Structures are given as C-alpha cells and as structure tokens.
Amino acid sequence: MIEVSYSPGDLEEKWYAKWLENNLFKGKISPDKIPYTIVIPPPNVTGILHMGHILNNTIQDVLVRRARQKNKSALWIPGTDHAGISLQIKVEKELAREGKTCRDIGREAFLERAKDWREKQGGIILEQLKKLGVSCDWSAIKYTQDPDYSRAVLSTFVKLYEQGYIYRGSRFVNWCPVSMTALSDEEVIMRQQDSFLYYVKYEIVERSGEFLSVATTRPETIMGDVAIAVHPSDGRYKDLKGLHCWRPIGREQIPIIGDEAVLKDFGTGALKVTPAHDVVDFEIGQRHGLKTITVIDQNGKLNALAGPEFEGLDRFEARQKAVEYLREKGLLFKEETHINNVGFSERADVPIEPVLSEQWFLKYPRLEEAKLVVQENFIHFRPERWAKTYMHWLENIKDWCISRQLWWGHRIPVWYRKGAERRDSKNWHVSVDGPGDPENWERDEDVLDTWFSSAIWPLATLGWPDGKAMEKMGFDYFYPTADLVTGPDIIFFWVARMIMSGLNLLGDENTALTPGEIRKRIPFQNVYFTGIIRDNFGRKMSKSLGNSPDPLDLIEKYGADGVRIGLLSMAPSGQDILFSEDRVAQGKKLCTKLWNSFRFRQQNGMEGDRGSIEAIVRAMDVQFLEADDIAILGKLLNLIDEFEHAMGDYEFNRAVHLLHAFFWNDYCDWYIEISKARVNGTVLAIHDLLLRQLLLLFHPFIPFVTEELWHGHGYGTKFIGEELLESSDQLRTYLSKVYLGKAPALIEEVESIRELVVAARTMKAQFGLSSTRDVKFYFKADATAKAIIERHLRDIKYLLSTKFFDETEEILKLSTGVVALGSLYIDVAKNFNIAAETKRLKNEIDRLSRFIEINEKKLHNEDFLVHAPAEIIEGARSLLEENIVKKKELQAVFLRLSTL
RNA sequence: GGGCGGGUAGCUCAGUUGGUUAGAGCAACUGGUUUACACCCAGUAGGUCGCAGGUUCGAGUCCUGUCUCGCCCACCA
C-alpha cells in the first residue's frame, strides 16, 4: 500500500540508503553477462554542483540503470579530479586573506594546506550527487591523487618519455603572469578586445628628420625592439633597406630589414620586431640573427632593461606610460581604435604573455590512429557532427606543453644531477621512483598539467598499469568502457587525449593495430555529448553570473526524480538547453500523477497475486476482454518498440516524451476513465500489467518513486533495479491469450471512438453546457460504424455523462458534429445562438471546401497518380471522400439553419 | 578569415528516408470537484515553418543564394 500523498524527500533518502546497504551498485565480474562500464567525468574538487553536473550524471545514471535492466553487469566508477591550477588559486587566495603568499610558507606547507582543503571540501560534490540518486559503485571511487593513481600518472610520463614522445625544450609558451605558469594552447581563450593601434615615429638614422611610421598595439615593448621589418617586395620602403632607425624609447640604433612574414596591408606595412615578446618576431629574429631583449618579466612587470622609468611597472601601466611618453615627445603619428584578439588565461582571466621558456612538451602519440578510430566509428560520437571538430583539432595539433610552474599536482618524475647542466639529458634521471642515490639529484620543480592525469582516467580507474590491481578491478572484463557522457567543451582537453592514451599505452607497442586490437585499446565505444545548459536569456549558466539555480534547492523543492525527468525532457540531443524551472516543476507533476494513478488502482482493492507477470496474466479472464483492453495493451507494445528505438539513438527527451504521452494521455485520460464504468478482475489485471511495465520503463529516469510504488503494490520482492525489463516480444508471449493480433484494428477502432467523444464534448462546450450535464445525443452512421458505436455505447455514455445516445434517421436537431464514424446531433434549442452557429458552420465548410478543391486537383493530376506510391494515393482518396461527406452534412444543417 | 549549429504557435521545443489537414508542453481563454490526481479534467484560440529562388506530381524536410543569432577554431603586429 502507498501513502495518500507523494512526498519525494523522505522516500528518496530512504531508498538511496537501502540501495547502498544492499550493494546494488557494486560492479561484479560476471562472465555470463555482458559488461557495461561508465567512468564519471571526474568533477573538480573545487567545483560546486551545477546544472551541467545534474544533466550529465542523470544521463549516465539512466544508461547504467538501463544496462542493469538488460541483464548487463554494470559498473559506474565515480571519482574526483585534483584540479591543479584551480585549487592552487583557491589556496593562494586563502593565504592572501591571511596576508601571506605561497612562497612565504614554502612548498611543503602549501601542499599540506591544499590537501586539507581537498579533504574538507573535495568530497562535497559527490555527496551532493548522491542526492540525485546516482548508482555509482562507491567502492570503486578514485581520486587523481590517490597513491596508485599518481603512480599511474608518473608511469605514463616515464613511458612516453622512453617512447620519445616527451621532450624538454625552450619554446614560446602561453604564460600566465598571475598564476606564474605556462599553459597549454587549450587553456587560452581568445577574446576580442577594444584597444588602440598606435602609429609610432621611428626616426631614420641616416636621414635625420625623416620618420618611419610603425603601427603597434604594444608600445610598452618598444624597449625590446631589435629591428624594424618590412616586406621585401614593398615598394614604399625599397630605399630604406640597409638603413637604421632610432628606437624611440631606450634610444638606440636598430636595423631596417626585409622579411616575408610582414603583412604589407596591415598598419603601415612596417613591423617593430620584438623577439622576446612575440612569436612571429622571434622567428624573424632567428632568421636575421638578431638578439632578444626581454623587457617584461614573468610576473608581468617591466624589468631593468626597460629603463629606470619603466622598471617595476605592470605591463598595462607601462603601456599608458609609454603612450604618454611618445605623445610628449611628439613621436606619435596617430592613435586609432582597433579590435584585436587577445589570448586570456582561462583560470586567472588575464591576458597571457608569450614567453620563451624551458618546458616539457608532449608530441601526441598515435595521432593517425586517433583520427581513424573516430572516422571509422570504432568510437561513435553522438551527435556525429562533433567528429568534425575532433578531426579538425587533430589535424592542426601542436605539441602540448605539459609542465606547470605550480606546486599542486603530480610532480614531474625527472631528477637532475646536482650542479650539472640541466639542459643536457645525460644529466637526467627519469623514473617513477627516482634515483637510488637521491642525495646527488634534485627533482624537477614543476608539476604536470591536470589534463595529463585526466587522460588516463578510464585506464587508471580500472587499476592500470598495476597487474594485480587490474585483476582486482576486472580490467579485462570492464575495459573498454561503453559510454562516455560529457560536454563538447572538453573534447580537446579530455576526450581526444583519452583516446590517444588508450591507443598508445595499452598492448604491445609493436603490435599492429588491427580492428580487433583497436577495439581492445579504445577507452570507450560511444561518446555522448550533452548540450550546455543556458538560462532564459540564452546565457551560459555560471557562478559569476549567478544565474544558475542551486541544484540542491531544486531537488528539495521538486524531488530528485522530478529534477531528473524534468531536465531530460528539456534536453534535446546535442542542442544547448535553455533551462526552465517550469519544466522541472512538470517533472514533479509527472511523478505526482504516477503516484495518483497507483492510488486509483489501489482503491479498487489489492487482493490477489501481482508478484510476477505470469500471476497478473493469470488474473485476466479472456471472456471479459473488450476492445479497449486489447487496444491499450497493443499500444503498450508499440510504445515499448518506439521507446527502445529512441533510447538506442540516445534520444532521451524523445524517450521521456513517449512514456509521458502514453502514461498521461492513453493510460490516465482514456483507459482509467473508461475503466471506471466497468471495474472487474480482468480490467484490474490489465491495470496491473500496464502499471508494472510503466514502472520498469520509467525506473531509470525516476528511480525513487518507481521503487516506492513497486513495493507498495507488490509487483516484486526484489528491488525494482534488480528486475529485468521485458521486451515487447516477451510481453507478447506472456499475453498470447489476449488476441494481440487484433490490436492494430482495435487501436484504430478506439481512436475513432475517441474522436467521436471529443466531437461530442466539443459540441457541449460550444454551447456552454457543463460537461457533466445530461444532454440528449443523436447519431447517424452506416451499419459498420453503428456496430462499433454500439460496442462502445456504455463508455460513450459514461464519458459524456449522458443517459441518451441514440440513432436517428434524419437531421432533426440543430447542432452537428461530423466524425469518421458518422454525424452527431444535439438538441440545444435553449442555448442556441443562430448567428454564432451559422458562422462556425460557414468557417468549417469553407475550410473543407479548400481542402476538397486542392485534393481533387491532386487526384486528377496524371503526374501525381503516376509517381506517388499507392498508399499515398489511396490515403488522399479516402480522406477526400470523408471530407466530402462531412461537408455535405454540414451544408445540410447550414441550409436548415438559414430557413429559421 | 575558416568551420559548426539554430531561426516552426506569445514562450520552449518535436517534426524520422520529401507524401494524408504541421504537433507537444507552458502561457492565454471557456467550462468543470462524476470511484486517483486542482501538481487535475474537458474544451477553445493561436503558425504565409527567417527571406528569395530552384529541383519535384508533391518541400518545414533536398539544392543555391541571403539575412540573423549562437558556438568553436585561427600568431595580421
């Protein structure tokens, strides 16, 4: 038995605890079952739960629960990510509030604080996810800095180093002057900036008083200029080649050179060459053997080489100062507004500085194979179009700067011989455990990019590379994982890198990648990219905008089930999602409605055995079966087929919509209502069958309420999550005595009765008659239709609240409704408004006339008759006939009206 | 500059390989407590499918162009 009212809060907490107690989510190695594995995209330990997590994890939970229903052995591995820069920044901010910096307290103390922080706060997000009902195997939980995981990360580094993919080099990198670390290209966000283009006068040494105009957006780097470059073929500057000009700040002679990299049509066609602070300039410098003058340090401040007036200034203050200086000296031709693209540091949100520095780089392994596995659908992207994005990235890929000048993270497993030249690899020791004589070595100070450790998530969560751990976790059984559910925003950061890691790190390096071998190595078979959740104004939901509702508040208000199904119903596959709380409210309404439909069943007595499908079918007495019963069962079978199809295509919103429509419109609004006119054991058994299957179908989406109802109605003693879902074929077998072969015809029959009832109700409503008022109805129909109507007479009368629904030979009443089965008449003398009714009829007749005209033309068109398939022509023909009859009927009434 | 996605009812979106009279939810309006549910029931109204061409017997659906919004990629200082 179930309670009168649905209150999600209590029952959700109750069932989640029971599920955990009974180890329902434990991944088991069962050789007789097909494995189904998902690894969670590990949330940042610094993150707070947002709507994106809710969507993402609901989808994963639906997939995992469905897998269990299909008798697969499911394993969903949860975990968290140590969030390198993000946590480092958090701790630094905490220190700043205490008036300290990380350098004040030193590396060891800093790491202690970071660990404290993560221990206190890092688990919160997973605890919050539990409220959503996620069926993760919590015994398999993993954190990217667990000792075994860290070893896996370092092993990966060592292996890639040994394979020759990792190297150390001095290159231009994206430098974040706030975090004081190098970043990968992916961590740089290009933004359009309104800025100024300054045209600066460079006096020509050999021609005193003559100036060259050079356009720049960065006057603060003038002190680092080592040349002025023009395009060799630029006629304007032909005669200046070989001459020199005066650097306007830090006055010195610099050469005028020709270089193809210069664009003639930008600015004045003359480029100031500042090799230390621009990649193109650096390359020009290399080509011409120019020196490099660094005037901006790694903290974003100008140094002594910039001159005493600029030393110590921040780069943006320096820009202002340089402009003022030039203006005072009359060395500015002009300043114009200019929109340029500036790279920003993703985390610190400041412009990055291109800086030449010594870093560790990774040349991506298995690039070609990584393209192939997606192109050839070894890994299936959904929606498929993301494959293009993926390919484009791989085709234009550059080596990955993996070292970070941070403390929080996996420290690079490289040691340098003390006092020896670090650049010489002879003085390196690269291993997971370090050198045997540590006193002679010093370890690299830097840590690895967080994404470097994320790249092996599907491997290391399953114990890789430790043989024993792999066996314990069932690596051979559970790998590769089945579905990865994530956002397209991390397709480069994470998805692509996982694919390359799997292909490169598993198996023997020299084994050919046959299709079989590829299938063993890929980390997942499907990648489902969710949409990004946006607010009502189309803005991305974010903390800073404060436009994201707190998921926990929503769960409090609507229940986890309501939030889950509401969110899925608004999540079209692959499209961004406009969040609306309204939809979540509808999710709860659905749960409430489900609850109440069970109460209807409950009110009619709960005797008998409902513990299995067999028992329920046994309670059906064939002689009491009516058209409606067979029709609704037939519809259930159709629903299951369509539902399975939608789920197979990962179209969750369509699947939810199908369930919703069947449950609400077909089951509640129709079948429950007509059942009220004839409650008997057979009808109740049909209700039980429908309710039971609905619970199973709904369960992955709304696990809590379905669990409660399952037990409340005694459909089984096991948890609903342990039950297998019957296919439509299996159900057809169970229901073999129910004449399901007749279902298609009966579904159509019931549809025609529904149409008739709707028309009759509309007639009542049009005359302002209460839907409960007992009005006399008359109908006119041919013999076949009459037989159908009479078969459903009891239901019709019940649904129309009328005692009188009878045949008539002639048109004797004044209002009419025409449906496929025939014509309906109603006596409405008292409420009759001739004008209104005439107008209604005229509109309807006009509409039909237009339709008839178009279709007659169509059916007289030779080309149509020749080309169109038979069923289309037949359909058009019968529809035309139907409408001609309708029109005639209406015209007859119309004529009658006009004689009054 | 290149690529991708969207523009269908007031709002949010469905609309399978072209094929019967373009659908749903919300909002609006009208009427309703009959054996679950007012978090409900019954009904009404509302759309030249961004625009212009083209292909076709037939186009929301395919092609071309165009406008518009959003996202991703890209070292014009």
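Note that the structure is predicted; figures quoted are calculated from it, not measured. In what follows, chains carry the letters A, B, and so on, assigned in the order in which the sequence lines appear, proteins first and then strands, with residues in each chain numbered from 1.
Taking only distance into account, the side chain of A:Lys593 meets the base of B:C37 through a donor-acceptor pair shorter than 3.5 Å.
Pairing for B:C71 is with B:G3, a Watson-Crick or G-U wobble pair whose two hydrogen-bonding atom distances lie under 3.5 Å. As the counterpart of B:C51, B:G65 is assigned, both hydrogen-bonding distances of the Watson-Crick or G-U wobble pattern falling under 3.5 Å. Across all strands shown, B:U44 is found opposite B:A28 as a Watson-Crick or G-U wobble partner, with both distances under 3.5 Å. Checking B:U16 for Watson-Crick or G-U wobble geometry (two distances, each under 3.5 Å) identifies no partner in any strand. When both pairing distances are held under 3.5 Å, B:A38 makes no Watson-Crick or G-U pair with any nucleotide shown.
Within the nucleic acid shown, A:Thr592 comes within 4.0 Å of at least one base atom, counting heavy atoms only. Contact annotation for A:Cys591: no contact, since no heavy-atom pair falls under 4.0 Å across all strands. Residue A:Asn883 is in base contact, counting any heavy-atom pair closer than 4.0 Å across all strands shown. A:Asn396 comes within 4.0 angstrom of nothing in the nucleic acid, heavy atoms only. No contact: A:His231 has no heavy atom under 4.0 Å from any strand. Residue contacts for A:His657: at a heavy-atom cut-off of 4.0 Å it reaches the sugar-phosphate backbone alone, with no base atom in range. Looking at heavy-atom distances under 4.0 Å, A:Lys886 makes no contact with the nucleic acid at all. A:Asp278 comes within contact range of no nucleotide atom at all, as no heavy-atom separation falls under 4.0 Å. Among the protein residues, A:Val262 comes within range of the nucleic acid bases, having at least one heavy atom under 4.0 Å from a base atom. A:Arg847 comes within contact range of at least one nucleobase, with a heavy-atom separation under 4.0 Å. Here A:Lys676 lies in heavy-atom contact (under 4.0 Å) with a base.
Phosphate contact (OP1/OP2 of B:C39, side-chain N/O of A:Lys588, threshold under 4.0 Å): absent. Distances shown here put every side-chain N or O of A:Trp664 at or beyond 4.0 Å from the OP1 or OP2 atom of B:G25. The side chain of A:Thr762 contributes an N or O atom lying less than 4.0 Å from OP1 or OP2 of B:U44. Residue A:Asn855 places at least one side-chain N or O under 4.0 Å from the OP1 or OP2 atom of B:U21. Note on A:Lys589: a side-chain N or O is less than 4.0 Å away from OP1 or OP2 of B:C40.
Aromatic ring orientation, A:Phe282 versus A:Phe172: perpendicular (interplanar angle above 60°, classes split at 30° and 60°).
Counted within 6.0 Å of CD on A:Glu336, heavy atoms from surrounding residues, nucleotides or ligands total more than 12; the atom is thus considered enclosed. Within a 6.0 Å radius of CD in A:Glu862, no more than 12 heavy atoms belonging to other residues, nucleotides or ligands are found. The number of heavy-atom neighbours closer than 6.0 Å to CD of A:Glu3, taken from other residues, nucleotides and ligands shown, is 12 or below.
Distance from the side chain of A:Phe492 is smallest for B:C73 among the nucleotides B:C73, B:U34, B:A36.
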Scoring nucleotides 57-62 of chain B by protein non-hydrogen atoms under 4.0 Å (B base, S sugar-phosphate only, - none) yields B-----
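Here A:Trp595 does not count as stacked on B:C37, because the ring centres are not under 5.5 angstrom apart with planes under 30°.
The nearest pair of heavy atoms linking A:Cys591 to A:Val705 is SG-CG1, 4.3 Å.
In this structure a side-chain-to-backbone donor-acceptor pair under 3.5 Å is present from A:Arg564 to A:Phe701.
Taking the ring axis of A:Phe805 as reference, the NZ or CZ atom of A:Lys797 does not stay both within 45° of it and closer than 6.0 Å to the ring centre.
With respect to A:Asp666 and A:Arg754, a salt bridge is recorded, a charged nitrogen being found less than 4.0 Å from a carboxylate O.
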